[in-house]
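To start, the structure under review is shown below, and the notes come after it.
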Amino acid sequence: MNTAAPISTGCTQTPLLRERGQHEVFCGLTSIIWLHRMMPDSFFLVVGSRTCAHLLQSAAGVMIFAEPRFGTAILEETDLAGMADAQQEIDREVDRLLSRRADIRRLFLVGSCPSEVIKLDLAKAAERLNARYAPKIRVLNFTGSGIETTFTQGEDSCLAAMVAAMPNSDAAQLVVAGGLPDVVQDQMLDLLSKIGVSNVRLLPNRSSDQEFGIGPNTQVAFVQPFLGETHDILVRRGAQPIRAPFPLGEQGTTAWLHAVAVRFGISADHVDAVTHSARLRAQKAIAQASEPLRGKRVFLMPDSQLEVPLARFLSRECGMELVEVGTPYLHRDLVGQDLAEIQNGPTLSEGQDVEKQLDRVRAAQPDLTVCGLGLANPLEAEGLATKWAIELVFSPIHFYEQAGDLAGLFARPLRRRSLLGVAAE
Ligand code: SF4
């Protein structure tokens with residue numbers, strides 16, 4: 001007879017509500033706004049329309065006045081009507097760009113809705129341009145099209161394209177997949193070094209000089225949950241994914257480090273010893289910042305694909321009650337460990353059907369709704385507190401030192417609302 005205690009499965013067996021309606025999210029081009037900072041020797045050339053150029057310029061307006069790391073090759077009406085040879089025009093644009101910008105080492109040709117509609121083959125363009133410019137400059141392509149995608153998928157497509165171009169390697173190494181702000185990346189590398197993990201590679205890496213290969217001795221730890229395509233191509237290339245909750249909050253970070261340590265034969269006691277003070281700091285910071293969140297009800301609309309790990313953090317570490325956890329795509333290989341840590345109870349939904357989801361928000365009247373920019377204003381006007389999901393992608397939120405700030409990001413709208421309430425009385 002098996003007397004072992006049943007393993008908690010959390011939300012892993014919860015029936016999934018599949019929504020296949022209207023999407024209201026930014027497109028994958030949005031990812032360029034943070035990717036260009038993480039790869040300073042790269043240039044992102046969007047092959048798109050004036051709409052695409054406007055999106056980038058208004059979303060990242062400040063950068064346009066600095067040294068830009070992205071631009072748009074505009075498809076004119078003649079291109080869209082198939083009257084011009086767009087491939088020749090891409091070559092001309094790239095030649096012009098690279099002759100002016102000797103600092104570019106990696107050039108990404110980024111597809112868009114218009115380039116997909118006219119079936120412009122950017123893989124062919126990248127291959128042709130590579131023949132001309134490699135090895136000095138590497139040309140890759142990915143899509144940021146908004147057709148049936150969400151904005152974090154731009155990073156996923158970009159990293160998947162980078163993995164596809166990597167050589168094979170038998171080196172024993174840890175690859176950390178997912179973009180992070182520099183300061184957070186440094187903290188992570190320090191933690192990994194303290195627990196005794198060496199030969200750490202970063203995807204994306206800051207410089208093309210740091211390029212590496214992939215193979216069966218590559219262990220991969222993910223720090224962003226929206227990398228489904230990157231995960232799948234890494235696995236196809238023989239890499240070994242490390243299953244762990246995402247390093248958000250104190251518990252998430254500790255569990256992530258433990259999972260990495262197990263893969264490298266490092267004891268849990270050693271991890272606990274070297275992280276002791278950082279864990280205490282994070283616990284204290286979360287306890288303080290999450291005070292307004294305790295016992296409050298939260299509804300996460302599908303937007304950034306960070307929803308499942310955030311739901312784990314908000315329920316397990318901040319004491320919130322989850323009403324619904326929606327995500328554009330549920331990649332169980334990536335978020336399964338977070339799902340297992342969420343107590344069964346909330347509705348779990350995948351995909352979007354905005355009107356139906358808004359009806360459920362209105363019926364539930366949560367204390368806080370995490371949603372896209374376009375939905376936040378109408379909900380606020382109806383008296384509901386909201387948090388913009390996109391802010392979580394742009395803010396440093398990972399690992400111990402950011403744990404209190406992460407709780408604070410959710411607490412701020414509730415605090416503001418209670419202050420306004422007091423002022424109005
Ligand atoms: S890629 Fe598509 S959704 Fe994105 S800005 Fe261009 S046209 Fe709009």
Side-chain angles (χ1 to χ4, degrees), residues 19-37 39 42-64 68-82 84 86-87 89-90 93-94 97 107-126 139-161 179 226-230 301-305 327-329 351-354 371-377 388-391 393-394:
E19 302 278 34
R20 294 293 179 262
Q22 194 189 338
H23 283 230
E24 289 208 11
V25 287
F26 285 114
C27 68
L29 297 187
T30 318
S31 303
I32 295 171
I33 296 161
W34 65 86
L35 283 173
H36 83 273
R37 293 200 191 113
M39 292 187 272
S42 302
F43 192 95
F44 296 83
L45 185 65
V46 176
V47 183
S49 63
R50 291 187 196 284
T51 309
C52 309
H54 288 149
L55 171 88
L56 279 177
Q57 286 177 7
S58 54
V62 184
M63 273 306 302
I64 297 297
R69 305 228 63 94
F70 48 79
T72 314
I74 306 283
L75 290 164
E76 301 288 358
E77 278 172 23
T78 44
D79 301 303
L80 297 174
Q87 294 282 355
E89 287 191 28
I90 290 173
E93 281 299 323
V94 168
L97 172 71
L107 174 66
F108 292 95
L109 302 177
V110 188
S112 63
C113 306
S115 68
E116 284 195 1
V117 166
I118 63 166
K119 306 220 179 307
L120 185 53
D121 189 346
L122 291 182
K124 190 169 123 194
V139 185
L140 297 170
N141 73 289
F142 69 92
T143 180
S145 155
I147 302 172
E148 294 292 309
T149 59
T150 188
F151 65 99
T152 45
Q153 277 176 285
E155 175 171 337
D156 189 20
S157 304
C158 177
L159 300 193
F226 41 74
L227 300 178
E229 191 186 344
T230 308
M301 300 276 278
D303 195 79
S304 65
Q305 299 192 76
T327 183
Y329 304 96
Q352 273 205 316
D353 196 330
V354 174
C371 60
L373 279 170
L375 301 178
N377 279 348
W388 294 350
I390 199 166
E391 209 183 322
V393 180
F394 285 106

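Computed from heavy atoms alone, side chains included, the values below leave out hydrogens, waters and symmetry copies. Whatever order the structure lists them in is the order used to number ligands and atoms, beginning at 1. All of these numbers come straight from a predicted model, not from anything done at the bench.
- The shortest distance between side-chain heavy atoms of F44 and L29 does not fall below 4.5 Å.
- Within a 6.0 Å sphere centred on CZ of F26, other residues, nucleotides and ligands contribute 12 heavy atoms or fewer.
- Applying the salt bridge (Lys or Arg N to Asp or Glu O under 4.0 Å) test to E93 and every residue at least two apart in sequence or in another chain returns R96.
- Between the side chains of T143 and E116, at least one donor N or O lies within less than 3.5 Å of an accepting N or O.
- The number of protein N/O/S atoms found under 2.8 Å from atom 6 (Fe) of ligand 1 is 1.
- Classification of the F394-W34 ring pair by plane angle, with boundaries at 30° and 60°, yields perpendicular.
- In plain terms, the two heavy atoms of M301 and L375 that are nearest each other are CE-CD1, 3.3 Å.
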